[in-house]
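In what follows, a structure is listed as structure tokens, so that the remarks can point back to it.
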Amino acid sequence: MRILIISRGVPSKRYPQWGCFEKDQAETLAKIGHEVIVVSFDGRFKLFRGHPGLHKTTNNGVIYFNFVALPESIFHKTIGFFTYWNKYKIPVYQRIINKIIKKYWKPDIIYSHFFWCTAIGTRIKENFNIPLVGIEHWSKFNENTISSTNDSLARIAFNGVDKLISVSQPLSNNLKKKYGVESTVIHNMFGPEFGLSKNPISFEKSPSTLRFISTASLIKRKGFDMLIDAMKKVNSPKEKWQLDIIGDGEERAALQQQIEDAGLQDRIHLLGRMNKEKIVGELKKSHVFVLPSRNENFSVAVLEALSLGLPVIATICGGIRECINENNGLLVPVDDSDAMAAAIDEMIANYNSYDRLGIAKSCEEQFSPEAIAKELTKVFESVVKKG
């Protein structure tokens with residue numbers, strides 16, 4: 001099948017998370033036999049995005065077209081969001097699609113990530129008569145309000161898709177409630193760098209110090225302030241645990257100060273941003289993964305940890321119940337530092353009861369790139385079959 005993917009962007013060394021979900025899925029779909037081209041439009045107000053214009057790259061059998069534009073926010077303020085969207089952004093996409101059809105092939109299906117890309121997809125669908133499947137990840141659909149612009153884009157997107165996918169059941173329920181749209185649940189997958197097949201591990205029994213690890217952007221929504229507060233309340237001796245946090249963000253300075261105020265700078269370490277290969281190395285040296293988020297849809301970071309056999313302590317938000325159970329971890333309420341501290345004490349006491357090899361194998365069966373790509377293929381085939 002010939003698949004055109006509309007993505008947020010393409011990951012780079014400076015911005016490794018930008019478009020990483022899309023890239024992993026695209027290259028897995030190519031690996032199982034599809035022809036895949038990814039198109040993206042980078043209008044962020046960020047330095048080092050590259051020279052303005054269209055950039056083409058190829059990786060693992062996937063062709064990427066990324067258009068670097070002047071920062072969109074400038075035009076949103078001067079001529080308005082939808083004027084810019086209709087008069088400039090949509091025509092750019094149309095020129096790129098015409099180029100792809102002329103030089104390569106006409107897609108059998110358009111597959112778009114996030115509603116703002118799916119809204120673009122509805123215009124391509126109309127202009128080129130190609131069916132459209134959208135997948136929704138955005139965590140803010142779990143909140144009470146979103147901006148009027150985003151609400152308008154969401155309505156364009158969800159009214160125009162031939163099939164909508166949600167990455168968790170709670171998100172699917174929320175979209176049904178907010179927009180009256182039905183969606184099929186297909187979960188996120190862990191990236192191709194993860195899993196035991198690429199990373200053989202000798203699991204350590206009865207470690208003297210249990211290394212807890214977490215990886216996420218250092219922003220309020222991720223709940224690291226609550227996690228640090230919980231670590232102050234842990235009853236187990238300090239030499240029994242350490243916590244390392246991978247990531248960077250606007251909360252870093254405040255979190256470092258919180259760690260120092262608690263006198264835990266020798267037990268809790270902020271390691272900064274890392275690429276996927278380095279994250280794999282850190283997870284392999286760790287024993288337990290912690291997700292303290294206040295709001296998630298379906299955490300890829302949790303899947304990455306499970307794929308390497310780490311039991312998980314996670315807050316109950318989004319679709320976390322769809323991947324964490326009594327065999328692979330512990331669940332605690334959101335923003336409950338007492339419950340988090342109790343779970344950490346329980347994990348220290350019972351760590352050896354977890355079957356780390358079993359955790360990894362179960363994750364592989366459900367959330368490997370190949371397993372998720374096969375589920376996506378079934379959806380694409382059903383939409384194309386309907387014509």
Side-chain angles (χ1 to χ4, degrees), residues 1-12 15 17-30 34-44 49 54-59 61-69 72 81-82 84-86 88-101 103-138 149-150 152-167 181 183 186 188 372-373 376-377 379-380 383-384:
M1 186 177 293
R2 294 168 173 174
I3 304 170
L4 176 73
I5 295 178
I6 306 178
S7 166
R8 292 169 297 169
V10 181
S12 64
Y15 304 112
Q17 301 301 317
W18 185 245
C20 61
F21 298 154
E22 298 94 309
K23 176 181 179 293
D24 287 347
Q25 284 197 1
E27 294 180 8
T28 304
L29 288 165
H34 298 291
E35 296 180 73
V36 182
I37 294 177
V38 177
V39 177
S40 55
F41 182 104
D42 193 343
R44 293 173 296 162
R49 294 177 298 131
L54 186 62
H55 300 260
K56 176 192 170 187
T57 55
T58 303
N59 194 62
V62 176
I63 299 170
Y64 295 86
F65 286 99
N66 183 45
F67 186 85
V68 178
E72 291 179 279
F81 180 93
F82 281 104
Y84 176 81
W85 196 74
N86 284 304
Y88 184 73
K89 194 167 187 176
I90 296 297
V92 166
Y93 272 97
Q94 290 176 338
R95 288 196 295 272
I96 297 171
I97 305 308
N98 276 319
K99 180 182 180 74
I100 289 169
I101 292 173
K103 187 170 182 179
Y104 300 98
W105 33 255
K106 182 177 179 180
D108 298 310
I109 199 158
I110 304 162
Y111 175 45
S112 55
H113 288 253
F114 297 96
F115 68 96
W116 53 86
C117 292
T118 302
I120 295 287
T122 65
R123 298 298 187 258
I124 299 172
K125 170 188 171 179
E126 292 168 2
N127 291 329
F128 295 93
N129 193 29
I130 305 169
L132 170 65
V133 173
I135 185 168
E136 194 49 61
H137 312 243
W138 203 42
T149 299
N150 282 330
S152 297
L153 282 176
R155 293 182 188 279
I156 291 169
F158 301 148
N159 288 330
V161 291
D162 294 288
K163 189 75 173 180
L164 181 64
I165 297 169
S166 296
V167 298
V181 61
S183 57
I186 297 180
N188 285 328
I372 299 303
L376 291 171
T377 298
V379 172
F380 300 157
V383 170
V384 170

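Position 1 is the first residue of the sequence, and the numbers go up from there.
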Worksheet, complete the sentence: Closest heavy-atom pair, Lys125 versus Leu132, reported as atoms and distance to 0.1 Å, is CD-CB, 4.1 Å

Discussion item. Between Ser40 and Ser7, is there a side-chain donor-acceptor contact under 3.5 Å, judged purely by atom types and distance?
Written reply: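 Ser40 and Ser7 do not have a side-chain donor-acceptor pair below 3.5 Å.
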
Practice prompt. Could you verify whether a donor N or O on one side chain and an acceptor N or O on the other, from Glu35 and Tyr104, lie under 3.5 Å apart?
Written response: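 No - no donor-acceptor pair under 3.5 Å links their side chains.
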
Worksheet item: Does atom NZ of Lys99 have more than 12 heavy-atom neighbours from other groups under 6.0 Å away?
Response: no

Practice prompt. Check whether NZ of the Lys or CZ of the Arg Arg44 lies under 6.0 Å from the centre of the six-membered ring of Tyr15 and within 45 degrees of that ring's axis.
Written response: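 Relative to the ring axis of Tyr15, which defines the angle, Arg44 lies inside both limits.
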
Worksheet item: Is the shortest distance from a Lys or Arg side-chain nitrogen in Arg49 or Asp42 to a carboxylate oxygen in the other one below 4.0 Å?
Response: yes

Less than 4.5 Å apart, any side-chain heavy atom of [X] and any of [Y]?
X	Y	answer
Phe380	Val133	yes
Ile5	Val39	no
Lys23	Trp18	no
Val167	Ile186	no
Ile124	Ile6	yes
Ile135	Ser166	no
Ile100	Leu4	yes
His113	Gln25	yes

Which atom pairs, donor and acceptor, lie under 3.5 Å between side-chain atoms of residues 152-160 and protein residues at least two apart or in another chain?
residue: Ser152; atom: OG; partner: Ser148; partner atom: O; Å: 3.0
residue: Arg155; atom: NE; partner: Asp151; partner atom: OD2; Å: 3.0
residue: Asn159; atom: ND2; partner: Arg155; partner atom: O; Å: 2.9

Discussion item. If the condition is ring-ring contact (aromatic ring centres under 6.0 Å, His included), which residues does Phe114 pass it with, not counting sequence neighbours?
Written reply: Trp116, His137

